[in-house]
Amino acid sequence: MKCMVTLLTGALLTAAGPAWAQVDTTSAAVNAQRLANANGVAAAQAHAEVSMNAEQKDQYARDMAAYSDALRAQHRAEMADVRQYERQQRAYAGAMFDWRIQVEACRHGSTRACTAATPNPADYR
């Protein structure tokens, strides 16, 4: 019986082999086309840079620097947003922590805790 399962499995794998080969051939063709396209773009860029005069090269360098500066500024703005969100999150968590303590004290009979105002996250910044 074990031999039969092995033979059957081997036959199935052999029959599926051509389908796998076809997928690999298709992938290889797609990858080759993508590589050719990327090489063509790189060659065009290299040719464009070589054919620039000095003034154009200077302008190109300034444009690249401006782009890098813009990316850094955008990153700083995003990080400022992240820091603000984290501060707000910590403020909310602190207010909720104090509110839970207040509720627990109220449940244990503290009238002061029961009549106190709910903690405001804006006070935790």
Side-chain angles (χ1 to χ4, degrees):
M1 182 68 175
K2 196 175 199 180
C3 181
M4 182 79 147
V5 172
T6 305
L7 288 175
L8 186 57
T9 305
L12 288 174
L13 289 176
T14 303
W20 288 343
Q22 183 179 7
V23 170
D24 289 341
T25 304
T26 305
S27 312
V30 169
N31 288 338
Q33 182 61 40
R34 288 181 182 161
L35 181 62
N37 290 344
N39 286 339
V41 169
Q45 288 174 343
H47 177 71
E49 288 180 19
V50 168
S51 64
M52 289 185 210
N53 63 32
E55 183 180 328
Q56 290 170 329
K57 286 182 181 180
D58 289 342
Q59 182 61 50
Y60 182 82
R62 286 193 301 272
D63 291 340
M64 291 295 285
Y67 179 76
S68 294
D69 292 344
L71 282 179
R72 280 192 289 279
Q74 177 66 26
H75 180 71
R76 279 193 298 272
E78 288 172 1
M79 293 312 300
D81 289 344
V82 168
R83 286 190 298 271
Q84 179 181 359
Y85 174 75
E86 288 172 350
R87 279 193 302 271
Q88 290 172 341
Q89 191 175 22
R90 282 191 300 275
Y92 177 78
M96 289 303 296
F97 178 77
D98 288 349
W99 177 75
R100 288 188 180 93
I101 290 172
Q102 181 180 343
V103 167
E104 193 62 31
C106 181
R107 286 185 183 152
H108 285 89
S110 170
T111 55
R112 181 173 174 220
C114 293
T115 58
T118 303
N120 184 1
D123 296 336
Y124 289 78
R125 291 186 183 170

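Quick caveat, the model's predicted, so the values are computed rather than measured.
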Item to complete: Might you point out which heavy atoms bring A113 and C106 nearest each other, and give the distance in Å?
Response: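 In this case the closest contact between A113 and C106 is CB-N, 3.8 Å.
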Fill in: For W99, the rest of its hydrophobic cluster, which grows through side-chain links under 4.5 angstrom
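W99 shares its hydrophobic cluster with Y92, M96, V103.
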Within this structure, what is the [atom1]-[atom2] distance for the pair [X] and [Y], rounded to the nearest 0.5 Å?
X	Y	atom1	atom2	value
M52	D58	CE	CG	10.5 Å
D63	S68	CG	OG	11.0 Å
K57	Y60	NZ	OH	11.5 Å

Worksheet item: Have D98 and Q102 got a donor and an acceptor in their side chains that come within less than 3.5 Å?
Response: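 Absent: no donor and acceptor within the cut-off.
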Worksheet entry | Flag side-chain contact, heavy atom, 4.5 Å: N53 against Q56 |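 In contact.
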Worksheet item: Are F97 and P119 close enough that some pair of their side-chain heavy atoms sits under 4.5 Å apart?
Response: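 Not in contact.
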Side-chain donor/acceptor pairs under 3.5 Å, residues 78-87, sequence neighbours excluded:
{"residue": "E78", "atom": "OE2", "partner": "Q74", "partner atom": "NE2", "Å": "3.0"}

